[in-house]
Amino acid sequence: MALKMVKGSIDRIFDKNLQDLVRGVRSHREDEAKYISSCIDEIKQELKQDNIAVKANAVCKLTYLQMLGYDISWAAFNIVEVMSSSKFTYKRIGYLAASQCFHDGTDVIMLTTNQIRKDLSSPNQYDTGVALTGLSCFVTPDLARDLANDIMTLMSHTKPYIRKKAVLIMYKVFLKYPESLRPAFPRLKEKLDDPDPGVQSAAVNVICELARRNPRNYLSLAPLFFKLMTSSTNNWVLIKIIKLFGALTPLEPRLGKKLIEPLTNLIHSTSAMSLLYECVNTVIAVLISLSSGMPNHSASIQLCVQKLRILIEDSDQNLKYLGLLAMSKILKTHPKSVQSHKDLVLQCLDDKDESIRLRALDLLYGMVSKKNLMEIVKKLMVHVDKAEGTTYRDELLTKIIDICSQSNYQYITNFEWYISILVELTRLEGTRHGHLIASQMLDVAVRVKAIRGFAVVQMATLLDNTTLLAGSGQHKSICEVLYAAAWICGEFSEHLEDPVHTLEAMLRPKVATLPGHIQAIYIQNAAKLFAAVLNGQQGTPDCQTMQESSQLLIDRLPLFVQSADLEVQERASCILQLVKFIQKLQHKEVEVGEEVTALFAGELNPVAPKAQKKVPVPDGLDLDAWINEPPSESESEDEKPVAVFAEEELRHARPHHTEVDEKELARRREARKQEQANNPFYIKASPTSQKGYQDSTGVEHIPVVQIDLSVPLKVPGMSTSDKYLKLEEERRQRERKERGKKEKKKKKKREKRSGMGRRHDSGPESEEDIAPAHMVDIVTEEMPENALSSDDDEKDPNDPYRALDVDLDKPLADSEKLPVRAHRPTNILKSPADDGEVQEVPKEPKKKSKKEKRDKEEERKKSKEEKQRRKHHHEARKGPEGGPPTGEPIQSSYNAELEPALPTAAPVEASDPDFWLSSTLLSSKSQETTEATPGPIPEKAADVGPGSEPENTKSSKHKKKKQKKDKEKEEKKRKKQHGHSGDREGEESVQNGTLEEEPLPPMSNYSLLAENSYVKMVCDIQGNLQNGSQVVVSIIFENKSTSFLKSMEFNVLDSLNSKLQRPEGSGPHDGLTVPFQLPPGVSNEARFIFSVQSIVMPQRLKGTLTFIVKADDSSTHEKLDFKLHFTCSSYLITTPCYSDTFAKLLESADLKGTSVRLQEVSLPFHHLLAKICFHHHFSVVERIDSCASLYSRSIQGHHVCLLVKYAHQTVTIDAKCDESSLLGNVLEEIKKTFSQS
Amino acid sequence: MIKAILIFNNHGKPRLIRFYQYFAEDMQQQIIRETFHLVSKRDDNVCNFLEGGSLIGGSDYKLIYRHYATLYFVFCVDSSESELGILDLIQVFVETLDKCFENVCELDLIFHMDKVHYILQEVVMGGMVLETNMNEIVAQVELQNRMEKSEFVFISRM
């Protein structure tokens, strides 16, 4: 009843709702456009009304029209209006429309920021959900920046529904606002352990997506994911994780080793095809990453290939397709194991499904050998003839060429055959790959010297054949082969049988219909041919041919002189004049042949594409150095007479330099000649010897005459490749017979010696036995001598994912907090104090202490895991009605499976990936090495150990000790790194000003606190952003003695103003226990929090560290006094500030100013800035030449603005702050910093 | 990542389009046309994967589709998605539609494009798989519908 009423009331209000519109569109099939335009007019009217319901309805209709292809961006503002309705119904309509049509260029998006923020924090979870969904589609960099913090808070929402969406949308936020990645990552990582499987899956999803782009940064998560993999029952999650591992293994072979076992177990146990497939894929990735020399993994390869064969043989086309896809990955590293399935692949080539045929083609690439290349290509040629669609045919064409040309034509034994294949391919109509064929022809003709004669004859027929010319109008691409043909005929014209005929063919008027660049080549090579004709006729008494050909050129070239193509025109007119001149000489009966030939003399050698880049920079040559004096800044200086002096000096300096160069060059030239002489692939300068070589190979025996006998349907005058197959077959048989006799004895011997090892020797003929039909020398492409062996794969600078390539393990800097801004214009000086958990300052010590507690945690983890596992078993037994947590989809599907019975993998040791990865290794190593020799553990090379399978029973004790040692070492290492981590931050904070200048010297804020013979303390004091009255003191304790230090207690005498924060229940004078012990030589960091009241003055606090020194037989109490110095700078927090805000601040009357002058500062300006920024926690607002404005904020919100000017070794700092004594002290400290240095 | 989700019928008429990357409207229509052209000429017994619709980009992308009666459900995804997983996802989506519309047919999609969008929003968000459990999806959709209804009662009383 109620619904009917509603419907009635709606109908009364609206003229037309979505359903009416759809109905209308359907009933106006003939004049749909007209009808819709009338509807749009109606909608425009509706949008003008104040009633939000009417507007929402209109927007809903627009969304429909958008699907039909109508631009609705004009209604963007109305969409925003509907989005901001308080009713969920309308809001949803608005967000849907926005998500369909908003994009980065939509300007009204700016207006939505606050509305979205409001919706995100709405008490109604569905308002939030709708906003998140919408935002995920149209988030812009601005929105991402402004809302990142809100979304991050939602990641900890009470409702899993919201958490899940918030986690997912973070990926979009990262993409648009990469700066948010580091601050948000810890929480994202937390979500991997979320109790709700949906949220967990979302987090896995996001991290996998991130890791796919920059896998290196996520290696440290491997142990965590490994744990998830062994504990999760959700196939979706498992698939994602396994895919992620596939991306990680290439970076870390040790990970691969760890994975192999659980993955193979999964392959055996799972019945979900999707999971099985991904496992196989990842195992393949692992096998690729582990170099091939892993004998014990051949079983895994076999398993994969075997499983894939099952997939390929399946009647389900999808599985067949995927099987082939995965097979092609194995092919790259283990071609042998795939080659045995050649039958299957060839069978797939005949499949009716094009996708499958394409995949099979991919596989063929790796299956060819010298033995079967011709056969396979023949099969492909049949397919080419049969193929209907041009795309598939083109694909076949490229594959044929790929297969034949792979690894430097490795598998081609008969290049005549290949040339004829290429010529046959030119018959394809409408192919896009004319260029490809052409480049192959050129490549082969240039690099395989022995084939040139044959190639030239073939090319001449191509040129003579008019079909290609005729087709040039429609099928533009194929005429590219004429380019190659013309060039080959011209360049190697000595092989031509009838150069005059070819010359005539090249100058036909029809040539003028070809594209310009081809015509140009025609003309140039016609000239070469002409030269050859002249040369050929030299000495013969009758000079008629010569004169005829000159006349031919003079007759035909004017057509090209008129060409619209500049290149053609220029070449034609140039050559025309040349020929006219030659003709004149001919009339005078002057011998010109040699001179004309000299025009085109010289051999062109193939040059490797990267050659130029790899030319090494000679010693003593600085490419960045100025050749001339650098241009002076102002023009007037140029005119100064001083410049003349400088030039003269240069002149003196220069010749000397070139002399050296010339000597060097001569030396190099000599060396190069030597090298070439020794290089069997290099064509030597003596052509005569080459000729003889060619003759002996017997190019002549190829029956060129037979060509004309081929089937008339085919292009006349072209050879078919088929006959080569037969010829080859015969040849091989002959050879085999001959060899057979000789080798019988040898073979027996060999077999005896190698036993079962070389099974393939017993086959009919092995790879190596096939000798090429005639010796071919593939000229390797030339590289400069001593080429640099750098294969730098440049990354695409436009890659949007590059911005996300950040180190996630580095502790967060203060400047990296997510901006929290309520409203842009008013609250520009954002106070990051309230971003709560976003803050991540005490990350490092946590890690440290974590390690200390590792043992305990391990135990806890183990028991927890076990509990979980038990729980999962429980759930699994409960079956489908057991509840939603396992996201299992419907039966009939690929994912359907109850529970992947996972092996109880090796216990996950700890969160430290290196440790985790090396644990297998350690166990095996501990057997051989005594624990007394700690020696540096190689981190990367560790896995070279031959038997790294974990198999130890007796030495578990050793192992533990060893591990402990290792931990300590790592800690030490980390400590060292930490010492430097400071300067990284320092660099970052001045980024905006100084990035392009020379690198900054290392800086550290850790200063010596106290030291005695046992222990050394260095400390860093930083304000705490979260709490305006707190200061965090990080102290690194280093054990300098050879004894064990324990029971360390840290105590400070509180002052009125500053107090050490002690745990509740302890008295005001009690010391704090340092949460670790220090073995000899080890250092570790602890943090102490102090509360301060006033921050305007620096402070000193007296304190003591007491500890017990434990030697072998005795232990003594020791103590160390120190003085903690809280500088005013340590109350400052690096806070970025925009220049306009900065200007406003300076204008406001609240700030009091003062200034200070530093004399004789010899630092470069950017070092100076970096120092101020780093040691005193400022950030550069703006920098112009040697003048910069800096900003910082104290933990209690005082603004500190500096204007630093630098001239003639004097630094002037004008400063403003709302607290003058604070400012005075800060300036004093800055002064001190520079007086020290 | 899922780059686009298209639903169109046997004649190529779009029933739902959802791009997770911006394309102008005319480009969208062209993509639909091309995708339809690619998909429609394939037999029902060939595999459900298609490589390289040139418009929707790159060798990393694949079209994964299913054909139900009069409708094609096409997902364009990159290599981070499991092919078989997406096929299952399409199945989940269709079954969810079936549950929400009670024996879904093309007409439901024609007249309730908005509702189909709302359901899809519970399955895929911003190009990433949000939920694969059908019961959960249906529950969320129904809760939201109920909320909508309660608002209407409220409005009609005004």
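Just so it is clear, the structure is predicted and the values come from calculations on it, not from any experiment.
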Any H112(B) side-chain heavy atom under 4.5 Å of Q19(A) side chain: yes

Which of V22(A), L96(A), N205(A), V167(A) touches chain B most, by non-hydrogen pairs under 4.5 Å: L96(A)

Residue among L322(A), V206(A), L325(A), I356(A) with most heavy-atom pairs under 4.5 Å to chain B: L322(A)

L89(B), part contacting chain A, at a heavy-atom distance under 4.5 Å: both

Atom group of Q29(B) that falls short of 4.5 Å from chain A, counting heavy atoms: side chain

Exercise: identify the closest heavy-atom pair between Y171(A) and M128(B): CB-CE, 3.5 Å

Minimum-distance pair of heavy atoms, taken over all atoms of S80(B) and E209(A): OG-OE1, 3.2 Å

Side-chain (D353(A)) to main-chain (V46(B)) donor-acceptor, under 3.5 angstrom: no

Contact origin within R42(B) toward chain A - heavy atom pairs under 4.5 Å: side chain

Salt-bridge present (K165(A), E131(B); N to O < 4.0 Å): no

Proximity breakdown for L107(B) and chain A, heavy-atom pairs closer than 4.5 Å: side chain

Test item: E25(B) side-chain N/O and D71(A) main-chain N/O as donor-acceptor pair under 3.5 Å: no

Part of N45(B) within contact of chain A (heavy atom distance under 4.5 Å): both

Ion pair R92(A)/D114(B), N-O distance below 4.0 Å: no

Cationic N near anionic O, under 4.0 Å, E151(B) to K91(A): no

Y161(A) and E122(B): CA distance, side-chain angles, deciding distance, side chain to side chain donor-acceptor pair (under 3.5 Å) verdict: CA-CA 10 Å; Y161(A) 178 74; E122(B) 298 303 323; 2.8 Å; yes

Aromatic plane relationship, H103(A) with Y22(B) - under 30° parallel, 30 to 60° tilted, over 60° perpendicular: parallel

